[in-house]
2 protein chains.
Amino acid sequence: MVKGPTVYDVAERAGVSIATVSFAFSQPHRVRESTRNSVLDAARELGYVPSASARGLAKGRTGALGLFSFDYLNLLPEAAGDGAKSGSEADEDCRLFPIWVDEVQRGVELECFSRGYALMIGGGNKASGERAVTDIAGRVDGLIVFARTIPAEVTRRISARIPVVELSDPEGESSLHRVTIDNASGIGQLMEHLIGFHRFRRFMFVSIPNAENEARYNAYSAVLAAHGLEVQPPLESRPGASAVTAELIAELQDSGSLPDCFVCANDEEALVVLETLKAAGIPAPAQVAVTGFDGIVAGRLVRPSLTTVRQPMELIGRTAVDILIDTLTDPPATPSHRQLPVSLAVRESCGCRAQEN
Amino acid sequence: MVKGPTVYDVAERAGVSIATVSFAFSQPHRVRESTRNSVLDAARELGYVPSASARGLAKGRTGALGLFSFDYLNLLPEAAGDGAKSGSEADEDCRLFPIWVDEVQRGVELECFSRGYALMIGGGNKASGERAVTDIAGRVDGLIVFARTIPAEVTRRISARIPVVELSDPEGESSLHRVTIDNASGIGQLMEHLIGFHRFRRFMFVSIPNAENEARYNAYSAVLAAHGLEVQPPLESRPGASAVTAELIAELQDSGSLPDCFVCANDEEALVVLETLKAAGIPAPAQVAVTGFDGIVAGRLVRPSLTTVRQPMELIGRTAVDILIDTLTDPPATPSHRQLPVSLAVRESCGCRAQEN
DNA sequence: ATTCTTGATCTATGCGCATAAGTACGGGGG
DNA sequence: CCCCCGTACTTATGCGCATAGATCAAGAAT
């Protein structure tokens, strides 16, 4: 706390110049072994800890990558979902299961560490505004952001300075690097199972509107059209407002127009639908099947377990880091876009017996 | 990527000096509004992103806190545990449930963000050595480390430069700030329940040896002694080697000396014991009860659900951050040590019916 | 009218490190 | 014996920002 020792102190103690101290650490081969040892000894004795700020300033690189997460506090209410909390222990406000963001973050962490980069994590919310983002951006050599969490104008500005990877937005800003998943293929596999194996004919898509979900809806529509099946507009649920979903489903039931299967744009919505159906006394999957998309952990623990399309979440994080490091090493002419494959996870909620888990 | 604009560029464009640019951002009141606006406009037009390295160097503070986690890769095999993976989906190597470290980290993240600090996360393993730690240490204003993950000599050195909080080591280096939990009270509550309510008499403590577990064992011994019950040396399980535990338990069974209850030093061990008992055909808790310590998520999802002592994990993380920020604001004369309370979570594995979950 | 005050801005400097360019030295080849 | 060259260091400089202290203008006070 009392102002740590610097290269100057170490140099003086070792009886060499600061350049030699610097070399001793960063380019050992340029210093005779005896000299290097005396420098390292001096450093140890003094408790020298190099300043990353100074190093970053001098080198123009920080050696750290950044991940900008939106403030959990704001996401919690919707993210935790009904199924993720257990009643009496809900007081400890931890997430029972990792959600999408957590698993991706984990991939980012693992890849950063194994590649020798530090990871700077920033959080923000609507209030903290873009300050929070640029703050992180100013600290790192490359930044990973989740789609739709910060204004395009801001990411564009940042990407003029450091490489930015946007995660999972099929229609993202084209100046950014992107990691996306193959929504079309995932929906294709899923629908193939539902139509081909289960012989479902009447479907209802459930989603809140955003680019990702829209891509899924479009793929869904295309498959239905190809099979000559009727395409209805999506049932628009609202995040955190399961009551709305409940009402919509009640209407469907009253009018006798329940589908064979609810195809939900993501697992969280699917869990809400399952919950709602249970509450309404509609047996799932016996009367109505339900599917999700993402592959969050909660989906495999709920009963009936959720048939879904699984994203390689950890890989998404790892890939983002890989793109950044590649870019830093050897800047590509054009932003990279890596689309990762997804896989169908057939579980119970489509009407199949549990095959796994 | 092409070398971002600096204060000099902004100053030139706005027709002011760099000092004014700096003031416009950091001390708005010192700059006339019209000037400030023209500076901010210029900054926006140029896509100016302040360099945290330069700022950190100039101010002597980085505005970031650090958390040093050991490389997950090395912890995974033991940490994930048998119960945390589901067979056929084990290929995706994510953690099904957050473990202790995750929940603490989450607390650290939340507190950092809400207090306006960025969080630098570092990872390392035995191989990367102390370089990884000092690397992080050089980047931040304060550091949080998990007990027993890095050599005391290193933390001591670092703590000469920035405040360091060590998490949960009852016998930690006294020059460091510490956040610990009340092991004695937790064990006390637990044993009170087991002895007073369940009337168990013959106990067996299960643990791998470390300071934390020893503190728990000591508390356990004290309670038994106070009740005039026999105290046996702990059953030493080995991390990751559930076969060893199985063997030890088999021996106990053969010799007819199974206890009324296995008191495990932590939840992970308790899960292994439960698993082992199940495999051996010994009904738990009917014949032998089992308890854990920590309160990890997996413990409440397993059947029988695990009776345990719950640590306030998120709070531990938050408290560590709080200590650091306090210390930075107003350095205390002596390292702070905050001991947090724990609470008994009575579930099924002690023989009680499910009261919750 | 002159001096003091206050606010707004600028000039100059240093933070701690990396590194280009320079210096000193010693040995081998001519 | 001199020159060249490689090795092992050192000197000098700049990275981008914050900030103390200087400057300057425009009232306010005398």
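Chain naming here is simple, since letters A, B, ... match the order of the sequence lines and numbering starts at 1 in each. FYI, side chains are in, hydrogens and waters are out, and symmetry mates aren't considered; it's all heavy atoms of this structure.
- Residue Y8(B) places no side-chain atom within donor-acceptor reach of the base of dC15(D), judged by atom type and a 3.5 Å distance cut-off alone.
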Trace of the side-chain contact (heavy atoms from CB on, under 4.5 Å) decision for M120(B) with L143(B): CA-CA 9 Å; M120(B) 183 119 241; L143(B) 184 65; over 6 Å; no
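- Taking only side-chain atoms of A19(B), from C-beta outward, the nucleotide of dT19(D), dC17(C), dT10(D) with the closest atom is dT19(D).
- The side chain of S22(A) approaches dT19(C) more closely than any other nucleotide in the set dG14(C), dA8(C), dT19(C).
- Atom NZ in K59(B) sits about 13 Å away from atom C1' in dC15(C), given to the nearest Å.
- Where T35(B) and T6(A) meet DNA chain C, the nucleotide closest to each residue was compared, and T35(B) sits on the side nearer the 5' end.
- In this structure, Q27(B) places its CD atom where more than 12 heavy-atom neighbours from other residues, nucleotides or ligands lie under 6.0 Å away.
- The T20(B) side chain lies nearest to dT9(C) when the options are dT11(C), dT9(C), dT19(C).
- Summarising the local packing, CD of Q339(B) is surrounded by more than 12 heavy atoms from other residues, nucleotides or ligands at distances under 6.0 Å.
- In this structure, S17(A) reaches the dT10(D) phosphate: one of its side-chain N or O atoms is under 4.0 Å from OP1 or OP2.
- Taking atom CG of residue L57(A) and atom C1' of nucleotide dG16(D), one finds them 5 Å apart after rounding to whole Å.
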side-chain contact (heavy atoms from CB on, under 4.5 Å) between T319(B) and V165(B), intermediate numbers included: CA-CA 10 Å; T319(B) 303; V165(B) 176; over 6 Å; no
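- The side chain of P50(B) sits closest to dC17(D) out of dC17(D), dT11(D), dC17(C).
- Side-chain contact between Q311(A) and L340(A) is absent, with no heavy-atom pair separated by less than 4.5 Å.
- Distance CZ (R32(A)) to P (dA24(C)): 17 Å, rounded to an integer number of Å.
- Within 4.0 Å (heavy atoms only), V21(B) reaches no atom of the nucleic acid at all.
- Taking atom CD1 of I18(A) as the reference point, atom P of dT10(D) lies 10 Å away to the nearest angstrom.
- OP1 or OP2 of dT19(C) sits under 4.0 Å from a side-chain N or O of Q27(A).
- Rounded to whole Å, atom C1' of dG16(D) lies 17 Å from atom CZ of R61(A).
- Using a 4.0 Å heavy-atom criterion, one finds that V16(B) contacts the sugar-phosphate atoms exclusively.
- The separation between F23(A) atom CZ and dT11(D) atom C1' is 11 Å, rounded to whole Å.
- Rounded to whole angstrom, the span from the CZ atom of R30(A) across to the C1' atom of dA20(C) amounts to 9 Å.
- Between F25(A) atom CZ and dA18(C) atom P there is a gap of 9 Å when expressed in whole angstrom units.
- Listed nucleotides dA18(D), dC9(D), dC17(C) differ in distance to A58(B); the shortest reach to its side chain belongs to dA18(D).
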